[in-house]
Amino acid sequence: MNQPTTLALFCKVVDNYGDIGICWRLARQLAHEHGIAVTLWVDDLKSFARIHPGVDATAQAQQVDGVAVYHWRDQEGTYFAEDVADIVIEFFAVDLPPGYVTAMAQRQVKPVWLNLEGLTAEEWVEGCHTLPSMHPRLPLTKHFFFPGFTAKTGGLLREAGLLEERDRFQRDPVAVTAFLGTLGLTPSQQAARKVSLFCYPHAPAAELFDAWRRGGEPVTCLVPEGVVRDDVRAFLGAEPVAGASRTDGPLTVRVLPFVPQPDYDRLLWACDVNIVRGEDSFVRAQWANRPFAWHIYPQDENLHLKKLRAFIARYCPDIASLEEFTLRFNGAGVEQNQDWLHLWQTLSSHIDQLACLSANWQKRMLENGDLASNLLSFAGSLR
Ligand code: TRH
């Protein structure tokens, strides 16, 4: 069998950082761990530069950590069969440049063409994973590839050695203290229950701040700059710029700078509880081995709540405290009048159970392999 050695990944940034966050992670892993020559086409280099400071947001072409990165400006242009990679991935069903698709069809050995889809715990995914779809005119077949939580999906993104690196970090209090120190946390802020909060603007952050302020337990809430800006501004009584912080009773809220992707992992590893969002931080929280709650990306007609419930059903069907907290955080709880302090305290009282849940979940996810390796073996099976 002729193993593929080149791969082109096309990424459109719809909004925020998850699209490029996922594509970059995948591109880097394929290059570093599998020796694939990867070209990443991305339409928004500014977002990319926020998660990777080594990216030049003005360059048409650049090498970033062994990956060729091209600014994907438009759909125009002529491509030649020899420009086309062995594997072509469209992320989230983006439209490839028509000239590139024509060149794909001109290749003698046709490329493996994959549509890498979004992550969901819903059952239908298993039936659609790896399904083919013929091009209406050209001799090309595209296959759907779904990340997921079961052996009948593509699994989750996870770099080799990630869990070992995390364990080394979490077992090294000096490293954890030093890391949190670089983010400006004082010793007493470090000693408190540390919660990272990365969520969408409609999250009930103000309610949570109020509950923590009324609760007896010292809490340090770490919020990346720009996240729930209005609620953070109201709590601080000042502009929520990186480095700003205020303590009120047992609660400190501290604004963090937006850190490079590897440091965001360290942040998740260093906190006691993580609130994460979207897709990539959601997956990273699962590898952090810490209790977490998910603020899901909202979709029309509340489609996201179906996805949220599907995940809860797989992840924590027996832990009511996490289910209630998560549903309520996403505006979907049954008992909307439940006090946030009560929800938080119930969750906190189950912290050991949640830690155990997280470890068991991780074991199950490991059994599915990792997305990059699964994708390559599927691509290899098609050639
Ligand atoms: O940023 P997100 O909300 O992204 C997405 C996109 O909106 C996308 O269109 C949508 O489809 C998807 O959500 C569901 O959330 P996500 O996926 O967690 O991505 C955030 C990325 O930013 C992730 O790679 C981690 C990274 N990050 C940093 O590198 N540094 C930071 O300080 C923070 C807070 C995040």
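Here the structure is a predicted model, which means the values were calculated and not measured. For this chain, numbers begin at 1 and follow the sequence in order. Start at 1 and go down the list; that is how both ligands and their atoms are numbered.
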Exercise. Should the pair Arg364 and Phe149 be classed as cation-pi, given the thresholds of under 6.0 Å to the six-membered ring centre and 45° from the axis?
Worked result: no
Exercise. If we ignore angles and hydrogens, is there a donor and acceptor under 3.5 Å between the side chains of Gln29 and Arg158?
Worked result: no
Problem set entry | Any Tyr200 heavy atom less than 4.0 Å to ligand 1 | yes
Exercise. Closest non-hydrogen protein atom to atom 24 (O) of ligand 1, residue and atom name please, with distance?
Worked result: Asp280 OD2, 2.5 Å
Exercise. Where on Ser281 is there a heavy atom closer than 4.0 Å to ligand 1, on the side chain, on the backbone, on both, or on neither?
Worked result: both
Exercise. For atom 14 (C) of ligand 1, which candidate among Gly278, Ala242, Pro262 holds the nearest heavy atom?
Worked result: Gly278
Exercise. For ligand 1, is there an N or O atom under 3.5 Å from any N or O atom of Gln261?
Worked result: yes
For this session: May I ask you to identify the nearest protein heavy atom to atom 11 (O) of ligand 1, giving residue, atom name and distance to one decimal place in Å?
Result: Phe92 CE2, 3.3 Å
Exercise. How far is atom 2 (P) of ligand 1 from its nearest protein heavy atom, and which residue and atom is that?
Worked result: Arg277 NE, 3.5 Å
Exercise. In the protein, what heavy atom is nearest to atom 22 (O) of ligand 1, and what distance, to one decimal place, separates them?
Worked result: Tyr17 CB, 3.5 Å
For this session: Would you mind telling me if ligand 1 is within reach of the side chain of Val14, the backbone, both or neither, using heavy atoms under 4.0 Å?
Result: side chain
Exercise. Can the ring centroids of Phe198 and His295 be said to lie less than 6.0 angstrom from one another?
Worked result: no
Seminar exercise, completed: atom 32 (O) of ligand 1 has as its nearest protein heavy atom Val259 N, 2.9 Å
Problem set entry | Glu126 and Thr153: side chain donor to acceptor below 3.5 Å | no
For this session: Ignoring hydrogens and angles, state whether a donor on the side chain of Gln189 or Lys194 is under 3.5 Å from an acceptor on the partner side chain.
Result: no
Exercise. Does any N or O atom in Phe282 lie less than 3.5 angstrom from one in ligand 1, N or O only?
Worked result: no
For this session: Starting from atom 19 (O) of ligand 1, locate the nearest protein heavy atom and write down its residue, its atom name and how far away it is, to 0.1 Å.
Result: Gly18 CA, 3.2 Å
Seminar exercise, completed: If you scan protein heavy atoms around atom 35 (C) of ligand 1, the nearest is Phe258 CZ, 3.5 Å
Exercise. Would you say the side-chain atoms of Asp86 pair up with the backbone N or O of Pro4, donor to acceptor, closer than 3.5 Å?
Worked result: no
Seminar exercise, completed: The single option from Trp113, Phe80, Tyr79 that satisfies ring pair (Phe, Tyr, Trp, His ring centres under 6.0 Å) with Tyr100 is Tyr79
For this session: Look at atom 25 (C) of ligand 1 and find which of Tyr264, Tyr297, Trp294, Trp24 reaches it with the closest heavy atom.
Result: Tyr264
For this session: Could you check atom 26 (C) of ligand 1 against the protein and tell me its nearest heavy-atom contact, residue, atom and distance included?
Result: Ile51 CG2, 3.8 Å
